[in-house]
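Read the structure below first, then the notes.
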Amino acid sequence: MNRNTIKTLQHKKETQHPIVVLTCYDASFAWLAEQAGVDVLLVGDSLGMVVQGHETTVPVTLDDMVYHTVNVVRKSRQALVIADMPFMSYATPEQAVRHAARLMQAGGAQMVKLEGGAVLVPTVQHLTGRGIPVCAHLGLLPQSIHQLGGYQVQARAAAAAEQLLHEAQQLQAAGAQLLVLECVPQALAAQVSCTLDIPVIGIGAGPDTDGQVLVLYDVIGISVNTIPRFAHNFLVETDSVAEAIAAYASAVRERRFPTAQHAF
Ligand code: KIV
């Protein structure tokens, strides 16, 4: 079976079919997500928190990301696999190319994700100019948590919202082909999604984005910390982990998740 590509996702945006994204860190869950028809598996550096037990994503290394990406790719067939570039692995454009190439060659990822706005424009240009597909990430940036001082909703004020929209446009112009928007007001996420040509995937960004992503461990209710308000434990209404993942996928596809109660 052929894997989804960026064209598959672009077509879903254009035809208004919500894109289902789920984080994934190993082969068995990749297999279950495949059965549920998840469109994109994100090997998120959230693995530093949910798998490794760290307080933040900052300690995650490139070797960790390669290891988990290989395992996810091995048991997935159709989903596009995106690997997060860990903290400080893309501090310069040259470093970013070297490390993204490793995630693609040794890890088997089809796209890499980077957290940040205008400051990353030259890096995104450097990557995409060399054939490396990029997913940008704006809003709450977990790798900057020590600078932010906490996990809070971002860009609530009008000036910050305007800046975020501008940065999203700059990243798209630099060649980014996908954007993750984390923890921003619903109205802003809706505006970014209809302004950009590329698909926008929300987490804590309300129902009006082109797709949704959740952390797998929240979907099956085994996160160490309390489940964030924008997430949902789908295992509560189902009888197995496989059914919970399938319930998440169909809830996103049928626009039953997220609802107003998950939005800001
Ligand atoms: O690392 C991760 O899981 C992520 C998602 C929260 C989008 O970046």
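Note that ligands are numbered from 1 as they come in the structure, with each ligand's atoms numbered from 1 the same way.
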Answer yes when Asp39 and Arg3 have at least one side-chain N-carboxylate O distance shorter than 4.0 Å, and no when they do not.
no
side-chain hydrogen bond (donor to acceptor under 3.5 Å, both in side chains) with Gln177: which residues, sequence neighbours excluded?
none
Residues in side-chain hydrogen bond (donor to acceptor under 3.5 Å, both in side chains) contact with Arg253, at least two apart in sequence or another chain
none
Side-chain contact, heavy-atom cut-off 4.5 Å: Ile82 with Val40?
yes
Distance-only donor-acceptor hits, side chain of residues 142-153, under 3.5 Å, sequence neighbours excluded:
residue: Gln143; atom: OE1; partner: Tyr90; partner atom: OH; Å: 2.7
residue: Gln143; atom: NE2; partner: Asp45; partner atom: OD2; Å: 2.6
residue: Gln143; atom: NE2; partner: Met85; partner atom: O; Å: 3.0

Are Ser46 and Tyr25 linked by a side-chain donor-acceptor pair shorter than 3.5 Å?
yes
Could you pull out every N or O of ligand 1 that sits under 3.5 Å from a protein N or O, with the distance for each pair?
residue: ligand 1; atom: 1 (O); partner: Asp45; partner atom: N; Å: 3.2
residue: ligand 1; atom: 1 (O); partner: Asp45; partner atom: OD1; Å: 3.1
residue: ligand 1; atom: 1 (O); partner: Ser46; partner atom: N; Å: 3.0
residue: ligand 1; atom: 1 (O); partner: Ser46; partner atom: OG; Å: 3.4
residue: ligand 1; atom: 1 (O); partner: Asp84; partner atom: OD2; Å: 3.0
residue: ligand 1; atom: 3 (O); partner: Ser46; partner atom: OG; Å: 2.5
residue: ligand 1; atom: 8 (O); partner: Lys113; partner atom: NZ; Å: 2.8

